[in-house]
Asks: 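First the structure, then my questions, so here it is.
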Protein chains: 2
Amino acid sequence: MKQQNSQTEEKILEAAEQIFLRDGYGDARMQDIADLAGINKALLHYYFRSKDNLFEYIFEKKISVMFPKMEEMFNQNLSFYETTCAFIEKYITLLNDNPYIPMFVMSTINRADRQDFIKKLPIGLIQKFAELYFKDFSVGKVREVNPAQLIISVMSMCAFPFIARPVIKEITKADDEQFKAIMQFRISEIQLYLKYILNQ
Amino acid sequence: MKQQNSQTEEKILEAAEQIFLRDGYGDARMQDIADLAGINKALLHYYFRSKDNLFEYIFEKKISVMFPKMEEMFNQNLSFYETTCAFIEKYITLLNDNPYIPMFVMSTINRADRQDFIKKLPIGLIQKFAELYFKDFSVGKVREVNPAQLIISVMSMCAFPFIARPVIKEITKADDEQFKAIMQFRISEIQLYLKYILNQ
DNA sequence: GTCTATATATCGATAGAC
DNA sequence: GTCTATCGATATATAGAC
């Protein structure tokens, strides 16, 4: 019973995750989720009251991938350059294992209704990076740039290719595995940009 | 009659553009488009056969904003650095006047069904930039980097903030006008990155 | 807990009057 | 060319048997 319960619940969550990530809220169908989970629609509503409810459950689970926890990275007393390099590697590696996440999160955030999803974002990341930048800048370790713009740039260079993934795959005639390799190579390339920008 | 005809058609197109850009295909409602155009649904289907048909009409009109024509830029015999700087300014200025375009185009491209939308993209842009880069690299004018990755990076830095616009507006507590100013300032910042990366 | 059957709502699309 | 009324398909959600 309890065993069965959580087993079915787990199947539903896995199926919902897959369908919602692929289709987004509007295009996702409860029937598709039920089929993939190997159950029927009624049972879906028995475990989760509504489509909205199920979606929010998935969204909150996945938001941490788009904006990963970085506490341990900031507590290692690394320089701004070193910290950002570590972030780039960790972030692209993470997204390479979850390529649908950026599009999923951004399409949700941009929904005209439900602007409240924005409130669930962790917004401390830019601030922490900026503080670390100023610490290094004050002792002349890095060149002068706008730190907020730089962080946005780094995140853009990491995340946008996953959003434009179908385009990049088409242009480069790459399959899923080759796209992964392109992004893996991209890590060192972005780190190189950062080195030149900060004059390290 | 003919006057009336094109006048109504124009109203429909303007309304459809606004609704589709805001909601995307799946979440857009024909009723909303009809309401905004000041007509009824039946007339919508009289002018455009179906929702699919109307959407494709809008999409093909807007795809040129996401991937703008760059012929005249490449024909001015400018250096890779100068050409890319000009692109950055033109592109962000264009997107600042059409902030919904990146999300609209990318959400459409990522639709699980209708993969055929990808075929409508102009894919020559990266190739042209790459050729121009190699021309300058062969005479030692620019530092060695991967040109395709660099172009993707530039486009990422320009376009991604518009996709993450609700997040950036929330974090910076910016309204529409202030966001525009942030992006306007961003032009020179990205150009600066490019200067450092290419060692100009 | 899990199923079948069905209610309820909404959407895209069409028929037909004017 | 434009409208009202409605069809038919499909979506979420629920009722009720087991």
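Chain naming here is simple, since letters A, B, ... match the order of the sequence lines and numbering starts at 1 in each.
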Asks: B/Asp27 CG to D/dT12 C1': how many Å, rounded?
Replies: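 Interatomic distance, CG of B/Asp27 to C1' of D/dT12: 15 Å.
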Asks: In whole angstrom, give the distance that lies between atom CE of B/Met30 and atom P of D/dG8.
Replies: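 In whole Å, D/dG8 P lies 20 Å from B/Met30 CE.
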Asks: Measure CD/B/Gln31 against C1'/D/dT4 and give the value in whole Å, please.
Replies: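 To the nearest whole Å, that distance equals 13 Å.
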Asks: Considering only residues two or more places apart or on different chains, which pairs with a residue in residues 6-32 of chain B satisfy ring pair (Phe, Tyr, Trp, His ring centres under 6.0 Å)?
Replies: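 Every pair satisfying ring pair (Phe, Tyr, Trp, His ring centres under 6.0 Å) with a residue in residues 6-32 of chain B: B/Phe20-B/Phe55, B/Tyr25-B/Phe55.
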Asks: Tell me whether the OP1 or OP2 atom of D/dT12 has a side-chain N or O from A/Ser50 closer than 4.0 Å.
Replies: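 Answer no for this pair, as no side-chain N or O of A/Ser50 is under 4.0 Å from OP1 or OP2.
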Asks: Over how many whole Å does the gap from B/Ile12 atom CD1 to D/dG1 atom C1' extend?
Replies: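 For the pair B/Ile12 CD1 and D/dG1 C1', the rounded distance is 11 Å.
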Asks: Classify the ring geometry of B/Tyr91 against B/Phe87: parallel below 30°, tilted from 30° to 60°, perpendicular beyond 60°.
Replies: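 Aromatic pair B/Tyr91/B/Phe87 classed parallel.
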Asks: Whole angstrom is fine here: how far is it from CG in A/Asp23 over to P in D/dT10?
Replies: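 Value for this atom pair: 16 Å.
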Asks: Using only atom types and a distance under 3.5 Å, with no angle test, would you say the side chain of A/Gln18 pairs donor to acceptor with the backbone of A/Ile33?
Replies: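 The answer is no, because no donor-acceptor pair under 3.5 Å joins these two groups.
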Asks: Quick check: does any side chain N or O of A/Arg143 sit under 3.5 Å from a backbone N or O of A/Ile197, one acting as donor and the other as acceptor?
Replies: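 Looks like yes, one N/O pair under 3.5 Å.
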Asks: Do any N or O atoms from the side chain of B/Glu189 and from the backbone of A/Asn146 form a donor-acceptor pair under 3.5 angstrom?
Replies: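 At least one qualifying donor-acceptor pair exists.
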Asks: Tell me whether the OP1 or OP2 atom of C/dT2 has a side-chain N or O from A/Thr8 closer than 4.0 Å.
Replies: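 Yes, within the criterion.
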Asks: Indicate whether OP1 or OP2 belonging to D/dT14 is found under 4.0 Å from a side-chain N or O atom of A/His45.
Replies: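 The answer is no; no side-chain N or O of A/His45 sits under 4.0 Å from OP1 or OP2.
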Asks: Without decimals, in angstroms, what is the distance between A/Asp32 CG and D/dT10 P?
Replies: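 After rounding, the gap between these two atoms is 13 Å.
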Asks: Choose from D/dA13, C/dG1, C/dG12 the nucleotide whose nearest atom is closest to any side-chain atom of A/Tyr47.
Replies: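 Of the candidates, C/dG1 comes closest.
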Asks: Students often get this wrong, so: under 4.0 angstrom with heavy atoms, is A/Ala34 touching a base, only sugar-phosphate, or nothing?
Replies: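 Nothing: the residue A/Ala34, judged by heavy atoms under 4.0 Å, touches no strand.
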Asks: Whole-Å distance between C/dC11 P and B/Ile33 CD1?
Replies: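 After rounding, the reported distance stands at 12 Å.
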Asks: Measuring from the side chain of A/Ile39 (C-beta onward, heavy atoms only), which nucleotide among C/dC3, D/dT4, C/dG1 has the closest atom?
Replies: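 Ranking C/dC3, D/dT4, C/dG1 by closest atom to the A/Ile39 side chain puts C/dC3 first.
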Asks: Whole Å only: how far is the NZ atom of A/Lys41 from the C1' atom of D/dA11?
Replies: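 Rounded to the whole Å, the gap is 7 Å.
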Asks: For A/Tyr46 and D/dT14, is the shortest distance between a side-chain N/O and OP1 or OP2 below 4.0 Å?
Replies: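 No.
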Asks: Can a side chain N or O of A/Asn40 be found less than 4.0 Å away from OP1 or OP2 on C/dC3?
Replies: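 For A/Asn40, the contact criterion (side-chain N or O under 4.0 Å from OP1 or OP2 of C/dC3) is met.
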Asks: From the list D/dT2, D/dT12, C/dC11, which nucleotide is the closest neighbour of the side chain of B/Leu43?
Replies: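 For the B/Leu43 side chain, the nearest candidate turns out to be D/dT2.
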Asks: Out of C/dC3, D/dC3, C/dA13, which has the shortest distance to the side chain of A/Ala42?
Replies: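 Of the options given, the side chain of A/Ala42 lies nearest C/dC3.
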